[in-house]
There are 2 protein chains.
Amino acid sequence: MREEKEKLILESAAEEFARFGFEGASIANIAKRAKIPRPNLHYYFSSKRKLYEHILFNTLQLWNSAFDGVSAADDPTIAISKYVRAKVMYSKTNPKASKIFASEIIHGGSNLSNFLQNDYRIWLREKTSIIREWADNGQMDPVDPHHLMFMIWGATQFYADFSVQVEKGLERDADDEEFEKVADTITQIILKGCGIIRK
Amino acid sequence: MREEKEKLILESAAEEFARFGFEGASIANIAKRAKIPRPNLHYYFSSKRKLYEHILFNTLQLWNSAFDGVSAADDPTIAISKYVRAKVMYSKTNPKASKIFASEIIHGGSNLSNFLQNDYRIWLREKTSIIREWADNGQMDPVDPHHLMFMIWGATQFYADFSVQVEKGLERDADDEEFEKVADTITQIILKGCGIIRK
DNA sequence: GTCTATAGTTAGATAGAC
DNA sequence: GTCTATCTAACTATAGAC
């Protein structure tokens with residue numbers, strides 16, 4: 001019962017925070033979305049900040065878990081294809097989470113300083129060293145690993161964070177088929193651009 | 001005199017909006033930054049919204065003017081190199097403008113609907129048709145032009161909008177040299193990845 | 001043109017009855 | 001656990017003296 005209500009509130013809050021950002025979001029609106037009276041919300045989450053932190057934390061868990069299974073032993077073609085596809089599909093499936101995270105980072109990321117200082121660095125060191133190994137083994141061109149990662153992030157997240165620009169630019173809705181094409185296009189350019197594949 | 005003060009206010013406001021977003025920014029803080037009393041600010045800009053719109057408009061002008069000189073006659077190698085470099089350097093020089101724009105788009109872009117419906121579409125149609133021509137002429141692989149543009153935007157803007165993530169990830173400051181490397185890396189991957197260059 | 005004082009409004013949070 | 005009524009703080013905006 002309690003769990004269900006909390007989930008409902010969190011869902012409504014994610015919607016609101018993604019749409020308006022932390023300051024722009026209002027407790028009144030979140031309560032309205034969840035169809036409960038304002039003070040009732042305070043019973044479950046003591047403050048707006050707490051609610052926001054809860055959602056950021058959920059977002060991070062999703063982020064952390066979604067992109068793990070890549071190791072150095074893997075072939076770079078397979079590993080990068082998988083990773084790019086996972087990121088693109090994450091943009092399709094979780095645009096709200098991506099937007100909340102993006103907005104937080106853009107505005108300084110002060111609520112994520114702990115994550116950025118620890119988990120994030122460790123995760124990135126791990127991945128960049130795998131890329132470095134691939135380059136050392138001659139499996140790809142000697143591309144700067146950090147900038148390759150940033151390029152993949154920027155390219156894939158764009159479809160969640162800047163969905164307005166994507167849809168206005170395409171002059172059509174971005175359906176499932178379109179997202180397949182996105183994954184294919186980005187994968188192709190990255191793999192060929194890094195000298196991992198020839199064609 | 002009036003012009004100078006307005007410029008000072010706009011500068012302070014850009015700083016504040018980039019840092020906190022529209023709702024998060026406060027007139028009091030902007031006035032403090034500009035070192036003038038609050039009500040004085042209202043003398044120059046009647047409302048917070050007007051001030052914000054002014055800044056968005058400036059941002060768009062900058063955006064529009066910075067990336068024009070590319071035509072179909074140009075060699076794709078030169079045109080894309082120039083464009084990517086211009087975008088990366090824009091991220092280095094104007095991170096605030098980029099962040100304000102990004103935050104606006106992420107949160108729905110309602111203040112940009114006019115721009116997105118008109119100038120933006122026209123501009124993008126022009127550029128995508130140039131790319132299509134290049135592909136038709138066999139000067140590059142048949143890559144979807146829209147997704148190529150989005151990829152370039154995502155990759156290059158990342159360094160402005162997500163600068164926190166970049167700096168924490170690199171574990172060092174992003175200096176001029178680093179931005180040169182960024183431009184080189186992105187250019188290389190895009191050109192080679194699209195079959196424009198071989199090496 | 002500038003600034004002090006203040007009006008008006010919104011929104012986050014709580015008290016206390018049910 | 002739920003909800004009505006209310007408190008309090010913050011912030012935009014304006015009136016009006018200088």
Side-chain angles (χ1 to χ4, degrees), chain A residues 1-59 96 99-100 103-104 106-108 110-112, chain B residues 1-59 96 99-100 103-104 106-108 110-112:
Chain A
M1 187 69 199
R2 170 160 199 131
E3 216 165 304
E4 258 178 54
K5 269 244 163 103
E6 280 183 1
K7 210 174 153 187
L8 181 68
I9 293 171
L10 285 169
E11 187 54 39
S12 305
E15 185 101 23
E16 180 82 4
F17 284 128
R19 185 77 190 68
F20 301 106
F22 175 71
E23 324 275 352
S26 96
I27 292 281
N29 252 317
I30 295 170
K32 205 193 227 169
R33 259 189 228 275
K35 285 172 185 157
I36 56 165
R38 245 164 302 168
N40 201 344
L41 194 153
H42 278 99
Y43 177 75
Y44 292 97
F45 296 92
S46 59
S47 75
K48 188 181 179 182
R49 174 129 251 125
K50 281 264 163 61
L51 183 52
Y52 180 68
E53 278 164 6
H54 220 279
I55 285 175
L56 261 190
F57 184 74
N58 285 354
T59 304
K96 275 177 284 178
K99 279 175 176 161
I100 292 168
S103 188
E104 172 64 27
I106 287 176
H107 298 129
S110 54
N111 291 104
L112 291 173
Chain B
M1 187 68 199
R2 171 163 197 128
E3 216 165 304
E4 256 178 55
K5 269 244 163 107
E6 280 183 1
K7 211 174 151 185
L8 180 69
I9 293 170
L10 285 169
E11 187 55 40
S12 305
E15 185 100 23
E16 180 82 2
F17 284 128
R19 186 76 190 69
F20 301 106
F22 175 71
E23 323 276 350
S26 97
I27 293 281
N29 252 318
I30 295 170
K32 204 193 226 169
R33 259 189 227 275
K35 286 174 184 155
I36 57 166
R38 247 162 302 167
N40 202 343
L41 194 152
H42 279 100
Y43 177 74
Y44 292 98
F45 296 92
S46 59
S47 75
K48 187 182 178 181
R49 173 129 251 125
K50 283 263 163 59
L51 182 54
Y52 181 67
E53 279 164 5
H54 219 281
I55 284 175
L56 262 189
F57 184 74
N58 285 354
T59 304
K96 275 177 285 178
K99 279 175 177 162
I100 292 168
S103 188
E104 174 63 28
I106 288 177
H107 299 129
S110 53
N111 291 104
L112 291 173

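By convention in this document, chain letters (A, B, ...) are assigned in the order of the sequence lines, proteins followed by strands, and residues within each chain are numbered from 1.
Here the straight-line distance linking atom OG of A:S47 with atom CD of A:E53 works out to 7.0 Å at 0.5 Å rounding.
For the pair A:F20 CZ and C:dG12 C1', the computed distance is 17 Å after rounding to whole Å. Atom CD1 in B:I36 sits roughly 15 Å away from atom C1' in C:dT4 (whole-Å rounding). Rounded to whole Å, the distance from CZ on B:R38 to P on D:dT12 is 9 Å. Going from atom CD1 of B:I27 over to atom C1' of D:dT14 covers 13 Å, rounded to whole Å. Following rounding to the nearest Å, B:H42 (NE2) and C:dT4 (P) show an atom-to-atom distance of 16 Å. Atom OH of B:Y43 and atom P of C:dG1 are 4 Å apart (whole Å). With rounding to whole Å, B:L8 atom CG is found 15 Å from C:dT2 atom C1'. B:N40 places its CG atom 7 Å from the C1' atom of C:dC3, with the value rounded to the nearest Å.
Within 4.0 Å of B:A25, counting heavy atoms only, lie sugar-phosphate atoms of the nucleic acid but no base atom. Nucleic acid contact for A:P39: base, since at least one base atom lies under 4.0 Å from a heavy atom of the residue. If you check every strand for non-hydrogen atoms under 4.0 Å, A:Y44 touches sugar and phosphate atoms only. Within 4.0 Å of A:K50, counting heavy atoms only, lies no atom of the nucleic acid at all.
The phosphate of D:dT2 (OP1 or OP2) has a side-chain N or O of A:K5 nearer than 4.0 angstrom.
Side-chain contact between B:R2 and B:Y44: present, with at least one pair of heavy atoms (C-beta onward) separated by less than 4.5 Å.
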Query raised in the report: Please walk me through it: do B:K96 and B:E11 pass side-chain contact (heavy atoms from CB on, under 4.5 Å)?
Result: CA-CA 10 Å; B:K96 275 177 285 178; B:E11 187 55 40; 2.9 Å; yes
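Atom NE2 of B:H42 has more than 12 heavy atoms from other residues, nucleotides or ligands within 6.0 Å.
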